2 protein chains.
Amino acid sequence: MAPAPQPKKTPVALVGLGGVGVAIMQQLLSPPLAAKFRLVMIANSKKYLYNSKPSSSDFSPSTFKEQLDSRGQAVDLPAMIGALATHPDGPAIFIDSTATDTIPALYPTILQMNIHVVTPNKKGFSGKLSLAQAINGASYPSPKQGSLVYGESTVGAGLPILSTLKDLLETGDEIIKIEGVFSGTLSYIFNEFSKVEGGDVKFSEVVKIAKEKGYTEPDPRDDLSGTDVARKLTILTRLCSTQTPSLPFSLLPEGYASVPTSSLVPEVLQGCKSKEEYVERLAEGDAEMDRLREEAFKEGKVVRYVGVIDAKSGKVEAKLEKYPFDHPFATALKGSDNIVSFHTKRYSPRPLIIQGAGAGADVTAMGVTSDCLKVHERLRLKAWGSIGF
Amino acid sequence: MAPAPQPKKTPVALVGLGGVGVAIMQQLLSPPLAAKFRLVMIANSKKYLYNSKPSSSDFSPSTFKEQLDSRGQAVDLPAMIGALATHPDGPAIFIDSTATDTIPALYPTILQMNIHVVTPNKKGFSGKLSLAQAINGASYPSPKQGSLVYGESTVGAGLPILSTLKDLLETGDEIIKIEGVFSGTLSYIFNEFSKVEGGDVKFSEVVKIAKEKGYTEPDPRDDLSGTDVARKLTILTRLCSTQTPSLPFSLLPEGYASVPTSSLVPEVLQGCKSKEEYVERLAEGDAEMDRLREEAFKEGKVVRYVGVIDAKSGKVEAKLEKYPFDHPFATALKGSDNIVSFHTKRYSPRPLIIQGAGAGADVTAMGVTSDCLKVHERLRLKAWGSIGF
């Protein structure tokens, strides 16, 4: 038997070059991933560079900025997608590492051009149902499509949350309840604020420290509104409903906006016009948070901001909840870790639990590059010379 | 565009019909898996039945025993594999749900015949290195082979332990330490014996209760010897070494027998001739276990039987270890759950943790059927009519 031809590297376009984008670039250009992927296109919000057979120095974390400045062309998504669709080593992978709404709106088009999509961007899956359905309809296993779309890192970054849920559902397990601390920022804030060993630190102080440490968005209200949690719940709920239509969930027509979400921005502060005013006045909400913490403590519980998907009631909610001291969400949860528990028919009475960093550039990038590997394996297994089927 | 042809069901042979085997059968024959797989062969240790186009009543959990008795042929592995290799809807999946050494020895042959192997049987991967390497050499991504071999359920049953480790390694993360409670039986025993809240129950009493509840093997020494943990450590260590040859681990030439393993069978009882004598005399080891528990408790710790893979020292060990009360292995671990923590360069200082039932027929079967789905997706994506690549 003749030796099998060396499989081709899968061409990759990386759009969005913030912290996560650069970490993705770093991983794709380093071993062991560099043996499987070839970065052929990079883009920020203004310029892009494309080279169907780039040398290793064309795109690198240390030089890409000046390369884009000096040689980049103005961003032109149709031209970029067109180039990618005709890459000689195609099909290619399009990584959307932006936080935009505009690029997710193009996923159906990109997928229809036989380009695979991998993304940490939640927007396409957690907004209006029509877009999420258009993305599904343009990708495998939709009957007419073979392009793949993966978004493991949209929930829990590199933690295997979506793949585990998919395995549970696809093998016929029955979801009873999914419950978790889905926001790294809110995990940190409540792990510091409400402890098993007690303590009287003020909520406003903890938020300020979190902001100083860079754990919050520039405007902390973006975290404290619960919207990020509601987006993740939307993605999980829609995965449940799509795989198991008998589950009693709404498909959440407006996405995250359809999820009942408790805001941690107190009513008195909801009128703040600037983030500066809001941060300045944060202490005005402390009394209410003190009361909640004390009430929980008296019951032997701590307070956590969680997302809950309950298959019995069909309710999906982002809210504050109390947990006993010996619950995994209380003692075992530390720092800014995420924790997700899957209560199912098989994982009962004790749930399947996944815990760890749920944010950060390197672990988010890992969720993206491991999705790229899934695409690569599915493509290259077929392209392999000596496979006998 | 003409509608894509309906993809064919993947033919499956299921060998080994104990508790796990029957649970696998149940899952494969029920929705949603029944739409993707066709069980065409079943076998116990004596007889097998093959039907290339079975009707739904041919193989079912309620009737297979009498069907095998009345119509089965004597087990003939070459004939069985030959039939499977020529199935008109092939390639097929061979599920080894036995605990034998003989069937794993055939994996290389089966894989070379373009049959995919999925198994919860640890023996092929955790014994002599020569067999593990022959299995690897006969399967993807070995350059000449395209058959797949999956064994997710060999470690942690349905928990995503191996797939997570593979993702970490393949995306270039650096393993620092893998540490876990890998035995459901030993998890139960130590969760009951050594508690954060104290207690003076005797070790022998806990073992007896575990035996009565069916948590131990018929001979409890099979659990208390630590061999099962050593086998799981072998599988994890070899995965690390194969993916990242720079890691300082031995490839464990004799498999689990090369792993330093502390036995919980006290020296005075190692001469027991029968399991009855052993169980009868169990209390003779209580004093030593009491001493260990007390020593830990004074330090604010509990005792757990763990497996540790340390990339700094290159050491792989199955042993007793002490953990502080607020450690996830102490408070949060309950019942007979497994828990595994991956300390890596990216997941640092806090590890990625996966926890949940690590034994039991349904969750082990789920690990097997989700592996079958991975094979199916890789096969059927290729067979799909309208895929443009």
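A note on names: the letters A, B, ... follow the listed sequences, proteins ahead of strands, and every chain is numbered from 1. It should be emphasised that the depicted structure is a prediction, and the values quoted were computed from it without experimental measurement.
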Determine whether Ser147(B) and Ile115(B) satisfy the following criterion, side-chain contact (heavy atoms from CB on, under 4.5 Å), listing intermediate values before the conclusion. CA-CA 6 Å; Ser147(B) 298; Ile115(B) 299 167; over 6 Å; no
Whether His327(B) and Phe329(B) hold their rings parallel, tilted or perpendicular, with breakpoints at 30° and 60°: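 Perpendicular: the ring planes of His327(B) and Phe329(B) meet at over 60°.
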Salt-bridge criterion met for Asp362(B) and Arg346(A) (N-O under 4.0 Å):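 Between Arg346(A) and Asp362(B) there is no salt bridge, as every charged N stays at least 4.0 Å from the carboxylate O atoms.
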Under 4.0 Å between a side-chain nitrogen and a carboxylate oxygen: does that hold for Lys374(A) and Asp371(A)?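 A salt bridge is present here (some side-chain N lies under 4.0 Å from a carboxylate O).
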Highest number of heavy-atom pairs under 4.5 Å with chain B: which of Gly360(A), Ala365(A), Pro32(A)?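 Option with the greatest count: Pro32(A).
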Top contributor to chain B interface from Leu33(A), Thr331(A), Thr369(A) [non-hydrogen pairs under 4.5 Å]: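 The answer is Leu33(A).
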Check whether the side chains of Ser163(B) and Glu152(B) place a donor and an acceptor atom closer than 3.5 Å, and report yes or no.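 Per modelled atom types, Ser163(B) and Glu152(B) side chains form a pair under 3.5 Å.
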Residue [X] versus chain B: region with a heavy atom under 4.5 Å:
{"X": "Lys166(A)", "answer": "side chain"}
{"X": "Gln27(A)", "answer": "side chain"}
{"X": "Ser30(A)", "answer": "neither"}
{"X": "Ser246(A)", "answer": "neither"}
{"X": "Leu28(A)", "answer": "neither"}
{"X": "Ile354(A)", "answer": "both"}

Among [options], single out the residue with the greatest number of heavy-atom pairs under 4.5 Å to chain A.
{"options": "Leu169(B), Leu159(B), Ile339(B)", "value": "Leu159(B)"}
{"options": "Val196(B), Thr164(B), Leu373(B)", "value": "Leu373(B)"}
{"options": "Gly356(B), Gly335(B), Ala332(B), Ala330(B)", "value": "Gly335(B)"}
{"options": "Asp337(B), Leu333(B), Asp167(B)", "value": "Asp337(B)"}

Validation row, ring centre Tyr188(B) to ring centre Tyr215(B) under 6.0 Å: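 When the ring centroids of Tyr188(B) and Tyr215(B) are compared, they turn out to be within the sub-6.0 Å range.
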Thr171(A) side-chain N/O to Leu168(A) backbone N/O, donor-acceptor pair under 3.5 Å: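 The answer is yes, because a donor-acceptor pair under 3.5 Å joins these two groups.
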Using non-hydrogen atoms and a 4.5 Å limit, figure out which bit of Ser336(B) sits close to chain A: side chain, backbone, both or neither.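 Contact with chain A is through both the backbone and side chain of Ser336(B).
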Rounded distance (nearest 0.5 Å) linking atom OG of Ser341(A) with atom NZ of Lys177(A):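 The NZ atom of Lys177(A) is 7.5 Å from OG of Ser341(A), to the nearest 0.5 Å.
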List the steps, then state whether ring-ring contact (aromatic ring centres under 6.0 Å, His included) holds for Phe37(A) with His376(A). CA-CA 8 Å; Phe37(A) 300 97; His376(A) 179 84; 5.2 Å; yes
